[in-house]
Novice: 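My questions all concern the structure below.
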Amino acid sequence: MAQALRLAELGLNSTSPNPRVGCVIVRDGQVIGEGWHQRAGTPHAEVHALNQATAAARGATVYVTLEPCSHHGRTPPCADALIAAGVARVVAAMRDPNPQVAGRGLAQIQAAGIAVECGLLEEPARELNIGFVSRMTRARPWVRSKVAASLDGRTALANGVSQWITGPAARKDVQLLRARACAILTGVGTVLADDPQMNVREIETPRQPLRVVVDSQLRTPPSAKILLGGALIVGAIEDATKIQALRNAGAEVLVLPGANGRVDLARLLQLLAEREVNELMVEAGATLNGALLEADLIDELVLYMAPMLLGDTARGLFALPALRKMDERKNLSLCDVRQVGNDMRVIARVNRV
């Protein structure tokens, strides 16, 4: 199963909106077939492994990181393929959270007289597809907010200058996060201050994530670099002139009014899930990050801390209302702490009751 998980990781940047899945077929202690899902619309991991194993698959054990599908999607059901191949045993790391499968694949295989087990290395399998699980079970993406700050928690000088706080290694690491994301979310403040492209650079990727700008008053300039190749601008006002100008520049525009003239962020996440966005990466300033955190819409923080101090007048990480008591604080669980180049990377998840 560990080898199946390693194979599944090969699809980290390419399988979206499908889950990342690996499969290994073993007979008499020898691997006779293996495969991984490479891209939506192409054969699943089980099919690649069965093609390698050929007739030797009869009577073999199949290790797969996700329950084999039992429905017709872009490809035929893998449960049918395993039954037809005559395998003797199927071991799945986890059940498929997709309601179209949700135990039916394993039940179908078991009904055909094949031994079934589930739960081996379930936790790493779930982590590998944390965005897919989120979309299927919560109807919203897994939201990962990336922030770069000094050791005293400052993201930019008081005048807005922020390039570069972190070093080249940390910036390269960010590209890896972008590549695995289905979409990147930023705010209009970042667009106006930095005019970023917010695309994947320096590493090979078969696709670019959807770029989304939260822009309540539709202030994004039609000349903004983020619009090159298309982007989704999400506003809170109906302004026909601004909307048409953005559309002429290649943008798609949605109007999702929420409270206090802001964009309805919860509704935005729902709509992104409907567009099959599994993992949403946030690269934004304190205002949008604060709004998302206050609305309990951030799942994970990836914080790059540079060995420098910017002082109290510099800009902070999250614009949040003043707390009146300590039990109003946001508690986090540390998942990973490591050095990346000269900087420190901390991955933490928001604790929820």
Side-chain angles (χ1 to χ4, degrees), residues 2 5-6 8-10 12-13 20 93 121-134 141-157 162-182 184-186 190 198 200-203 209 278-286 288-290 292-294 296-312 314-320 323 326-353:
L5 285 166
R6 284 190 288 269
E9 288 178 358
L10 297 174
L12 192 67
N13 302 340
R20 301 139 181 160
L121 296 183
E122 180 174 1
E123 189 58 30
R126 185 172 296 276
E127 282 294 317
L128 186 60
N129 285 307
I130 196 164
F132 181 76
V133 172
S134 176
W142 180 261
V143 179
R144 179 181 291 117
S145 178
K146 184 272 320 183
V147 284
S150 59
L151 281 181
D152 53 349
R154 302 296 166 173
T155 62
L157 301 180
S162 62
Q163 295 180 331
W164 293 99
I165 289 179
T166 54
R171 297 199 293 273
K172 178 71 173 290
D173 200 58
V174 170
Q175 296 300 317
L176 297 174
L177 291 176
R178 286 183 180 180
R180 68 176 289 168
C182 304
I184 297 174
L185 181 71
T186 193
T190 299
M198 292 287 181
V200 181
R201 302 184 297 276
E202 300 178 16
I203 61 174
N278 293 333
E279 296 183 16
L280 176 65
M281 182 173 174
V282 179
E283 294 194 55
L288 180 54
N289 265 318
L292 287 165
L293 193 62
E294 187 179 2
D296 198 27
L297 296 176
I298 291 179
D299 298 303
E300 180 177 298
L301 298 177
V302 182
L303 172 61
Y304 296 89
M305 293 191 301
M308 63 177 69
L309 302 173
L310 298 182
D312 286 347
R315 300 184 182 184
L317 290 165
F318 300 95
L320 291 168
L323 304 185
M326 284 298 289
D327 60 8
E328 294 177 341
R329 68 188 184 271
K330 295 287 185 181
N331 291 317
L332 309 173
S333 293
L334 294 177
C335 300
D336 185 79
V337 179
R338 68 181 62 192
Q339 189 167 342
V340 178
N342 291 325
D343 305 308
M344 187 68 69
R345 188 190 72 185
V346 177
I347 299 178
R349 292 185 177 171
V350 178
N351 291 346
R352 293 190 172 93
V353 178

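Just so you know, residue 1 is the first one in the sequence shown, and it goes up from there. The figures that follow rest on heavy atoms only: side chains count, while hydrogens, waters and symmetry mates do not.
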Novice: Using side chain to side chain contact (heavy atoms under 4.5 Å, CB included), reason through Asp343 and Met305 one step at a time and then give a plain yes or no.
Specialist: CA-CA 6 Å; Asp343 305 308; Met305 293 191 301; over 6 Å; no

Novice: Once you round to the nearest 0.5 Å, how far does CG of Leu157 lie from CZ of Arg154?
Specialist: 11.5 Å

Novice: Sequence neighbours left out, what passes side chain to side chain contact (heavy atoms under 4.5 Å, CB included) with Glu122? Give chain and number order.
Specialist: Met94, Arg126

Novice: Answer yes or no: is there a donor N or O on one side and an acceptor on the other, between the side chain of Lys330 and the main chain of Leu293, under 3.5 Å?
Specialist: yes

Novice: Taking salt bridge (Lys or Arg N to Asp or Glu O under 4.0 Å) as the test, write out the residues that go with Arg178, two or more places apart.
Specialist: Glu283

Novice: Can you sort out the partners of Glu328 under salt bridge (Lys or Arg N to Asp or Glu O under 4.0 Å), two or more places apart, ordered by chain and number?
Specialist: Arg324

Novice: Between Thr166 and Ala170 (side chain of the first, backbone of the second, donor and acceptor by atom type, cut-off under 3.5 Å), is there such a pair?
Specialist: no

Novice: Given side chains that start at C-beta, do those of Ile347 and Cys335 come closer than 4.5 Å, heavy atoms only?
Specialist: yes

Novice: Do Thr186 and Val282 come close enough that some side-chain heavy atom pair is under 4.5 Å?
Specialist: no

Novice: Check the pair Leu128, Glu9 against side chain to side chain contact (heavy atoms under 4.5 Å, CB included), reporting the backbone distance first and the verdict last.
Specialist: CA-CA 7 Å; Leu128 186 60; Glu9 288 178 358; 3.7 Å; yes

Novice: Applying side chain to side chain contact (heavy atoms under 4.5 Å, CB included), can you list everything that pairs with Pro141, at least two apart in sequence or on another chain?
Specialist: Leu269, Leu272, Ala273, Val277, Leu280

Novice: Is the closest side-chain heavy-atom distance between Leu332 and Val350 below 4.5 Å?
Specialist: yes

Novice: Between Arg20 and Arg180, is any pair of side-chain heavy atoms under 4.5 Å apart?
Specialist: yes

Novice: So, using salt bridge (Lys or Arg N to Asp or Glu O under 4.0 Å) as the criterion, who are the partners of Asp296 when residues are at least two apart?
Specialist: Arg352

Novice: Under the rule for salt bridge (Lys or Arg N to Asp or Glu O under 4.0 Å), what residues qualify as partners of Arg338, not counting sequence neighbours?
Specialist: Asp336

Novice: Kindly write out the residues that satisfy side chain to side chain contact (heavy atoms under 4.5 Å, CB included) with Ala2, not counting sequence neighbours, or none if the list is empty.
Specialist: Arg6, Leu121

Novice: What do you reckon, is NZ of Lys172 surrounded by more than 12 foreign heavy atoms closer than 6.0 Å?
Specialist: no

Novice: Check Ala93 against Ala125 and note the closest heavy-atom contact, atom names and distance.
Specialist: CB-CB, 3.6 Å

Novice: Return yes if some donor-acceptor pair links the side-chain N/O of Gln175 with the main-chain N/O of Glu202 below 3.5 Å, else return no.
Specialist: no

Novice: With sequence neighbours excluded, what pairs up with Asn278 under the side chain to side chain donor-acceptor pair (under 3.5 Å) test?
Specialist: Arg135

Novice: Applying side chain to side chain donor-acceptor pair (under 3.5 Å), name anything that partners Asn289, two or more places apart in sequence or on another chain.
Specialist: Ser145

Novice: Spell out, as yes or no, whether a donor-acceptor pair under 3.5 Å connects the side chain of Asp152 to the backbone of Gly311.
Specialist: yes

Novice: Output all residues satisfying side chain to side chain contact (heavy atoms under 4.5 Å, CB included) with Ile130, sequence neighbours left out; order by chain, then residue number.
Specialist: Glu127, Trp142, Arg144, Glu279, Arg349

Novice: Are Leu288 and Leu185 side-chain neighbours, meaning at least one heavy-atom pair lies under 4.5 Å?
Specialist: yes

Novice: Treating Thr155 as the side-chain partner and Leu317 as the backbone partner, does any N or O pair qualify as donor plus acceptor under 3.5 Å?
Specialist: no

Novice: Take a 6.0 Å sphere around CG of Asp327 and say whether it holds more than 12 heavy atoms from other residues, nucleotides or ligands.
Specialist: yes

Novice: Would you mind reporting whether Val174 and Lys146 have side-chain heavy atoms less than 4.5 Å apart?
Specialist: yes

Novice: Taking Gly167's backbone N and O only, do any of them form a donor-acceptor pair with Asn342's side chain (distance below 3.5 Å, no angle check)?
Specialist: no

Novice: Residues in side chain to side chain donor-acceptor pair (under 3.5 Å) with Asp173, at least two apart?
Specialist: Tyr304, Arg345

Novice: Mind checking whether Ile165 and Leu310 have side chains closer than 4.5 Å, heavy atoms only?
Specialist: yes

Novice: Could you check whether any side-chain N or O of Asn331 sits under 3.5 Å from a backbone N or O of Asn351, counting only pairs where one atom can act as donor and the other as acceptor?
Specialist: no

Novice: Taking side chain to side chain donor-acceptor pair (under 3.5 Å) as the test, write out the residues that go with Ser134, two or more places apart.
Specialist: Arg138

Novice: I'd like to check Met281 versus Val302 (side-chain heavy atoms, cut-off strictly below 4.5 Å). Are they in contact?
Specialist: no

Novice: State, to 0.1 Å, how close Ala314 and Ala156 come at their nearest heavy-atom pair, and which atoms those are.
Specialist: CB-O, 3.1 Å

